[in-house]
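This one's a predicted model, so the numbers in the text were calculated from it and none came from an experiment. In what follows, every heavy atom counts, from backbone to side chain, and hydrogens, waters and symmetry copies are set aside.
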Amino acid sequence: METNKTDKNILVKGLKIMGVSLGCMFLGPTLVYIALTNKEKPLYIPILIIAIIICALAIFIAFKGINTVLDSMFKKNN
């Protein structure tokens, strides 16, 4: 009978990925707010596009981070 042990190296990698995702989760909405409060500025559209991309990237990176953390806990090491 084999027990699953957490691979600490993969867990740390997953937590680092989640940290990047957390940064994007704050940066994206902040940039959206900045863009929407300055509609008369010439950089309104580029900032809004970058903010939306960062928000989507935060969701994707969070998914990858959670997947990596779960792999460290439940994936069998051969």
>> Which residues end up grouped with Leu36 if you chain together Ile, Leu, Val, Met, Phe, Trp and Tyr wherever their side-chain heavy atoms are less than 4.5 Å apart?
In response: Val32, Tyr44, Ile45, Leu48, Ile49, Ile52, Ile53
> Is it true that Phe74 and Val12 fall in one hydrophobic cluster, defined by side-chain heavy atoms closer than 4.5 Å?
Replying inline: no
> Measuring from Ile66:CD1 to Ile17:CD1, what's the distance to the nearest 0.5 Å?
Replying inline: 11.0 Å
> Out of curiosity, Leu43 CG to Ile34 CD1, how far, rounded to the nearest 0.5 Å?
Replying inline: 12.0 Å
> Of all residues at least two apart in sequence or in a different chain, which pass the side chain to side chain contact (heavy atoms under 4.5 Å, CB included) check with Met25?
Replying inline: Ser21, Ala58, Ala62
> Which heavy-atom pair separates Thr6 from Leu11 by the least distance, and what is that distance?
Replying inline: CG2-CD2, 4.0 Å
> To the nearest 0.5 Å, how far apart are NZ in Lys16 and OG1 in Thr68?
Replying inline: 12.5 Å
>> On a heavy-atom basis, which atom in Leu31 and which in Ala51 lie closest, and how many Å separate them?
In response: CB-CB, 3.5 Å
>> Under the rule for side chain to side chain contact (heavy atoms under 4.5 Å, CB included), what residues qualify as partners of Leu22, not counting sequence neighbours?
In response: Phe26
>> Please report the interatomic distance CG(Leu27) to CD1(Ile50), rounded to the nearest 0.5 Å.
In response: 10.0 Å
>> Applying a strict under-4.5 Å side-chain criterion to I, L, V, M, F, W and Y, I'd like to know whether Ile54 and Val20 cluster together.
In response: no
